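These numbers were taken from a predicted model, which means no experiment stands behind them. Reminder, nothing fancy here: chain letters follow the sequence lines and each chain counts from 1.
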Amino acid sequence: MFRSAMTAVIAVLGVVAVQAGEASSNTLAGRYFAKVGFGKEAYEKLPALKGEYAKVYAERLESRRSGKVIGDPTAGCSGGGFPRIMAVPYATEILDTPEMMIWLWEGGDRVRRVYKADRKDLKSMPPLYSGLPVGWWEGDTFVIQSEGFVEDTLLHPTGVPHSKKLRTTERLRFIEGTDLLENVTTIEDPEALSEPWVLRWTLKRDDSIKMMEYSCEENNRHPVGEDGRVSTNLAGGAQ
Amino acid sequence: MNGLFVIVAGLFLAGPVIAQAGGVVESSASTERSPVRKVAGIWTLAADQSVTFGAAGVKPPLTPAGQALFDANHASLQQGAVSLDPTTSCLPMGAPRNMYTHFPIHIVETPDQVTMIFQSGIRTRRVYLDGRPHDPDFDPSYNGESIGRWEGDVLVVDTVNFKEGGWLDPSGVPRGPQARLVERIRPLDGGRRLEILTTITDPALFTAPWTTRKLYDLRPGAMLEDFVCVDRVRANPQWASTDGGISQ
């Protein structure tokens with residue numbers, strides 16, 4: 001599944017890929033905060049949804065307008081899932097090991113393991129909130145392809161749904177001469193989306209960030225002030 | 001007593017020997033020593049290891065304040081009430097309790113950091129090896145603030161700055177904000193096993209340092225699934241009923 005998809009991507013793009021699992025001197029290791037999370041573009045160019053998915057999305061939008069959020073697992077401290085989790089302002093840490101690139105999201109204390117080898121046993125895994133990702137280097141770009149997502153996560157904070165056929169392809173690279181890591185994600189879902197949807201966002205690397213403990217269950221990063229207003233408690237350099 | 005808990009008073013040269021209430025917990029025999037200086041991998045608590053801090057029958061060396069907390073926690077568990085246990089509300093177990101489950105622990109080594117990712121509840125603990133001191137302004141947390149250093153093939157981790165209200169283990173032994181953990185982590189058997197000697201000191205809750213030894217098995221090639229606590233509780237609401245009792 002992953003190998004064939006990988007080959008197709010390489011053929012279309014006409015690039016020379018580093019074989020999955022092959023060592024690369026490149027790395028994404030570091031700590032980051034969202035320089036540009038899901039920016040204005042991601043809210044202005046929402047994907048065209050098909051049939052039942054369009055109906056579900058309309059209901060969610062209406063619920064948000066009325067102040068009652070439905071269909072959002074994170075409202076009950078469940079998983080945010082990829083790519084929606086990239087829309088939050090909390091810090092991200094990436095650990096790079098020979099076998100995998102590990103994403104640690106401070107928000108909700110979530111983890112995503114991006115396997116560098118095309119592990120056959122991924123197929124035996126149940127769906128995960130952030131899918132079953134495989135990644136490889138193509139020159140200075142790290143490509144991540146993911147399938148096998150938990151179905152009830154959102155693609156976007158406004159409530160965009162997806163089906164179990166969701167597949168994402170990310171292309172991550174540092175913008176030349178900067179510490180800005182750009183991620184361009186192509187989202188495909190032949191059951192829910194009329195056409196592929198491309199999201200892009202930028203993370204700023206800052207290894208001075210102090211990763212904090214986040215316990216959604218006690219709401220410790222969204223304190224309610226004496227005036228009843230909810231604020232967001234960010235740490236380290238993530239201001 | 002479990003044969004792994006060797007009670008010997010005269011083997012100081014063979015390895016760390018740490019006083020424990022009711023006996024002495026010693027590191028493994030020298031024949032098990034491994035030159036491997038690596039703790040990375042996916043580990044599970046060895047099958048014969050208990051999920052409680054102390055060995056069966058060993059009474060925690062608690063101060064009156066500590067004993068009062070333990071008695072309340074223990075009594076509630078005896079009655080089938082679980083609401084005093086933070087984890088039934090899906091709050092983090094924190095250190096060291098998260099080391100005493102049978103769910104995998106993924107340990108990742110990078111140049112200045114050892115990261116422990118616990119499958120249970122999906123929680124992350126970071127041990128900093130960059131030489132930094134403890135931060136007096138550290139925001140107390142479930143895992144505390146962990147600073148590590150290598151002593152030969154042993155990773156020594158010093159942890160302070162805990163949040164109030166945690167449990168040391170599922171039996172209800174309390175862990176307070178004055179607690180200090182010192183863990184001595186080292187690979188055995190060529191890296192296939194991990195030994196962790198953990199000593200807790202806390203002048204508010206413990207009358208003396210208390211030490212335990214646990215063994216972990218390496219799980220090469222293991223792949224970890226999501227384990228989101230709230231999902232499990234919603235699927236099994238009897239685990240955390242509103243009155244704290246367990247309904248069937």
Side-chain angles (χ1 to χ4, degrees), chain A residues 27 29-31 73-81 93-106 108-113 115 117 119-132 148-150 152-153 207 210-221 233 235-236, chain B residues 40-42 86-95 98 106-119 121-126 128 130 132 135 137-146 161-163 165-166 220-235 240:
Chain A
T27 183
R31 300 190 190 106
T74 65
C77 294
S78 191
E93 181 171 43
I94 300 178
L95 306 177
D96 195 355
T97 75
E99 300 81 22
M100 62 184 87
M101 198 89 81
I102 303 167
W103 292 58
L104 298 168
W105 285 296
E106 189 181 76
D109 201 350
R110 299 301 178 210
V111 60
R112 177 193 193 201
R113 296 174 177 87
Y115 295 93
R119 290 187 60 154
K120 301 298 179 196
D121 44 1
L122 269 182
K123 293 173 184 166
S124 65
M125 291 280 282
L128 302 184
Y129 279 97
S130 293
L132 302 169
F149 291 89
V150 169
D152 64 355
T153 61
D207 289 344
K210 293 179 180 175
M211 301 297 292
M212 302 288 284
E213 200 168 73
Y214 183 117
S215 174
C216 174
E217 294 80 0
E218 68 172 28
N219 203 24
N220 67 351
R221 300 304 296 276
N233 179 16
Chain B
I42 294 176
T87 64
T88 58
S89 303
C90 291
L91 294 173
M93 291 185 189
N98 45 23
H106 185 184
I107 302 182
V108 182
E109 286 186 61
T110 45
D112 290 330
Q113 184 173 307
V114 168
T115 308
M116 301 177 179
I117 307 166
F118 301 93
Q119 188 192 34
I122 314 178
R123 303 289 180 183
T124 306
R125 178 186 179 199
R126 294 173 177 82
Y128 298 106
D130 55 2
R132 73 180 69 184
D135 179 359
D137 297 323
F138 188 89
D139 192 11
S141 66
Y142 292 94
N143 277 320
E145 182 196 25
S146 298
N161 286 324
F162 288 103
K163 210 177 180 81
M223 302 191 74
L224 301 184
E225 302 175 7
D226 283 337
F227 180 153
V228 177
C229 178
V230 293
D231 292 355
R232 308 277 169 139
V233 171
R234 284 183 192 122

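Contacts of B/Thr110 with chain A are made by side-chain atoms alone, with heavy-atom separations under 4.5 Å and no backbone atom involved. Of the atoms belonging to A/Glu99, not a single heavy atom falls under 4.5 Å from chain B. At a 4.5 Å heavy-atom cutoff, the contact between B/Asp135 and chain A is made by side-chain atoms alone. Using a 4.5 Å cut-off between heavy atoms, B/Tyr128 contacts chain A through its side chain alone, with no backbone atom that close.
Between A/Asp121 and B/Gly221, the shortest heavy-atom distance links the atoms OD2-O, 4.2 Å.
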Checking B/Asp226 against A/Arg110 for the side-chain contact (heavy atoms from CB on, under 4.5 Å) test, could you report, in this order, the C-alpha distance in whole Å, the side-chain angles of both residues, the deciding distance, and whether it holds? CA-CA 9 Å; B/Asp226 283 337; A/Arg110 299 301 178 210; over 6 Å; no
Before giving the answer on side-chain contact (heavy atoms from CB on, under 4.5 Å), spell out for A/Leu95 and B/Gln113 the whole-Å C-alpha distance, their side-chain angles and the decisive distance to 0.1 Å. CA-CA 10 Å; A/Leu95 306 177; B/Gln113 184 173 307; 4.2 Å; yes
Hey, mind stepping through B/Val108 and A/Thr97 against side-chain contact (heavy atoms from CB on, under 4.5 Å) and telling me if it holds? CA-CA 8 Å; B/Val108 182; A/Thr97 75; 3.5 Å; yes
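For the atom pair A/Leu128 CG and B/Glu225 CD, the distance stands at 7.0 Å (nearest 0.5 Å). We find the CE-OG1 distance between A/Met211 and B/Thr115 to be 9.5 Å, quoted to the nearest 0.5 Å. Atom CZ of B/Arg123 and atom CG of A/Leu104 lie 13.5 Å apart (nearest 0.5 Å).
Remark: A/Glu93 engages B/Arg126 in a salt bridge, criterion side-chain N to carboxylate O under 4.0 Å.
In this structure the side chain of A/Val111 never reaches within 4.5 angstrom of the side chain of B/Leu224, judged on heavy atoms. Side-chain contact between A/Tyr115 and B/Met223: present, with at least one pair of heavy atoms (C-beta onward) separated by less than 4.5 Å.
Annotation: salt bridge (Lys or Arg N to Asp or Glu O under 4.0 Å) contacts of A/Asp152 (sequence neighbours excluded): none. In this structure, the side-chain hydrogen bond (donor to acceptor under 3.5 Å, both in side chains) partners of A/Asp207, at least two apart in sequence or on a different chain, are A/Arg205.
Ranked by heavy-atom pairs under 4.5 Å with chain B, the list A/Ser130, A/Ser124, A/Pro127, A/Pro126 is led by A/Pro126.
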